[in-house]
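Below you'll find the structure, written out as structure tokens, and then a few comments.
Order of listing sets the numbers, starting from 1, for every ligand and every atom in it.
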Amino acid sequence: MRIVPEKLHWTGTVSAVEPRIRLLRSFSEMSHTYQGYTLIVDGRIGADDGQFRIGIGKALHAKHDFRIGDLLEGLCLPVQDPRRDSVTHYRVSRVKRRASGETVPHDGPPFQGIAPALTVYRERSRRRLAARKYSTKCFGCIWASKMAVEMLIDPWNPSYRYRTETFCYGPKSCRLYKAGRCRKVPGRKGMTWVEEDWVDEDATAHRGPDD
Ligand code: SF4
């Protein structure tokens with residue numbers, strides 16, 4: 001008989017909302033899965049106090065338009081394999097908004113309005129963002145995303161490595177932007193692919209500097 005784990009009660013204040021996107025890399029190839037959104041919440045889950053990353057679905061975000069300052073509560077589970085996820089908790093249910101944060105206009109940076117539909121992120125595409133910028137100056141920006149990355153090392157003898165990477169979907173002219181070092185992707189037989197700047201330039205070539 002399958003044992004269903006008991007969900008934990010959580011409550012806290014939203015300090016950031018960002019898209020929850022998974023990146024699969026296979027040497028120079030990549031694909032994205034748009035899973036939903038991440039609520040970064042300062043509060044309590046079960047008996048633990050702290051800052052948590054809670055994964056939610058796109059329908060829940062569309063229903064509530066979550067924003068910074070919302071006081072929320074609900075139920076959730078810890079993720080099964082933290083290596084494979086950029087959130088700490090997911091499978092959220094019974095969400096209630098106890099108080100509403102203010103809707104901050106989009107005149108950032110960082111831009112702190114309501115995170116748009118996932119199709120908007122997909123259409124805009126992303127540039128790599130230095131991890132330090134992500135966690136400092138860009139914190140709370142709706143265009144920032146910390147992705148769980150799964151790297152297929154050898155397609156003929158499947159083995160994987162995992163890490164997180166940070167990205168920006170915002171305007172290319174943003175004064176806070178810093179790319180950071182080119183990222184390296186391991187491959188079979190000790191080979192390494194370096195993701196040069198042209199990858200980001202190509203991915204966002206359809207946007208003007210202020211789009
Ligand atoms: S660099 Fe990107 S993520 Fe950071 S504030 Fe600017 S638009 Fe937002």
Side-chain angles (χ1 to χ4, degrees), residues 12-25 30-42 51-58 60-62 64-70 85-88 101-150 163-185 194-211:
T13 303
V14 174
S15 56
V17 183
E18 64 179 60
R20 182 179 171 215
I21 302 168
R22 186 190 296 274
L23 172 59
L24 174 63
R25 289 188 181 276
M30 73 182 90
S31 63
H32 298 81
T33 306
Y34 296 79
Q35 299 174 290
Y37 296 83
T38 301
L39 302 177
I40 301 177
V41 171
D42 295 301
Q51 185 172 81
F52 305 96
R53 298 175 61 91
I54 301 176
I56 60 165
K58 63 181 182 182
L60 192 61
H61 180 59
H64 291 279
D65 278 342
F66 293 117
R67 65 201 67 174
I68 292 172
D70 280 352
D85 227 310
S86 63
V87 298
T88 57
E102 287 180 30
T103 304
V104 182
H106 276 239
D107 55 356
F111 302 92
Q112 297 181 335
I114 307 289
L118 295 176
T119 50
V120 173
Y121 291 97
R122 190 199 301 261
E123 190 277 328
R124 295 179 65 81
S125 194
R126 83 297 174 281
R127 300 183 294 162
R128 74 178 191 273
L129 175 65
R132 186 162 170 72
K133 279 283 178 183
Y134 168 85
S135 57
T136 55
K137 301 285 186 191
C138 299
F139 187 80
C141 183
I142 58 170
W143 299 123
S145 180
K146 183 187 219 175
M147 294 186 198
V149 183
E150 183 174 271
R163 69 187 185 197
T164 56
E165 295 179 22
T166 45
F167 291 93
C168 166
Y169 284 79
K172 291 191 275 189
S173 60
C174 179
R175 61 183 164 78
L176 297 184
Y177 181 75
K178 190 173 178 192
R181 286 193 198 142
C182 290
R183 289 173 182 158
K184 296 179 179 175
V185 183
V194 179
E195 191 175 64
E196 304 282 0
D197 292 345
W198 68 263
V199 174
D200 289 350
E201 289 162 10
D202 195 46
T204 57
H206 61 294
R207 287 200 266 129
D210 300 325
D211 296 340

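Between the side chain of T166 and the backbone N or O of L129, at least one donor-acceptor pair lies under 3.5 Å. Using modelled atom types, no side-chain atom of H61 and backbone atom of V17 make a donor-acceptor pair closer than 3.5 Å.
Interface of G170 with ligand 1, defined as ligand atoms under 4.0 Å from a residue heavy atom, comprises 7 (S). Less than 4.0 angstrom separates some heavy atom of A144 from each of these atoms of ligand 1: 3 (S). In the vicinity of P110, heavy-atom distances shorter than 4.0 Å reach the ligand 1 atoms 5 (S). Residue F111 has at least one heavy-atom neighbour below 4.0 Å for each of these atoms of ligand 1: 7 (S). Distances below 4.0 Å separate heavy atoms of P109 from the following atoms of ligand 1: 5 (S).
Contacts with ligand 1 closer than 4.0 Å are made by no heavy atom of Y169, backbone or side chain.
At a threshold of 4.0 Å, the pair D211-K172 does not count as salt-bridged, since none of the basic side-chain nitrogens sits closer than that to a carboxylate oxygen.
In this structure, atom 4 (Fe) of ligand 1 lies nearest to the protein heavy atom C138 SG, 2.3 Å. What sits closest to atom 8 (Fe) of ligand 1 on the protein, heavy atoms only, is C141 SG, 2.4 Å.
For the pair V14 and R67, the minimum side-chain heavy-atom distance is 4.5 Å or more.
More than 12 heavy-atom neighbours from other residues, nucleotides or ligands sit within 6.0 angstrom of CZ on R163.
Rounding to the nearest 0.5 Å gives a distance of 10.0 Å between OG1 of T119 and OH of Y34.
Under a cutoff of 6.0 Å and an axis angle of 45°, R124 and F167 do not form a cation-pi pair.
Residue C168 does not count as close to atom 6 (Fe) of ligand 1, with no N, O or S atom under 2.8 Å. At a cut-off of 2.8 Å, C174 does not coordinate atom 4 (Fe) of ligand 1 through any N, O or S atom.
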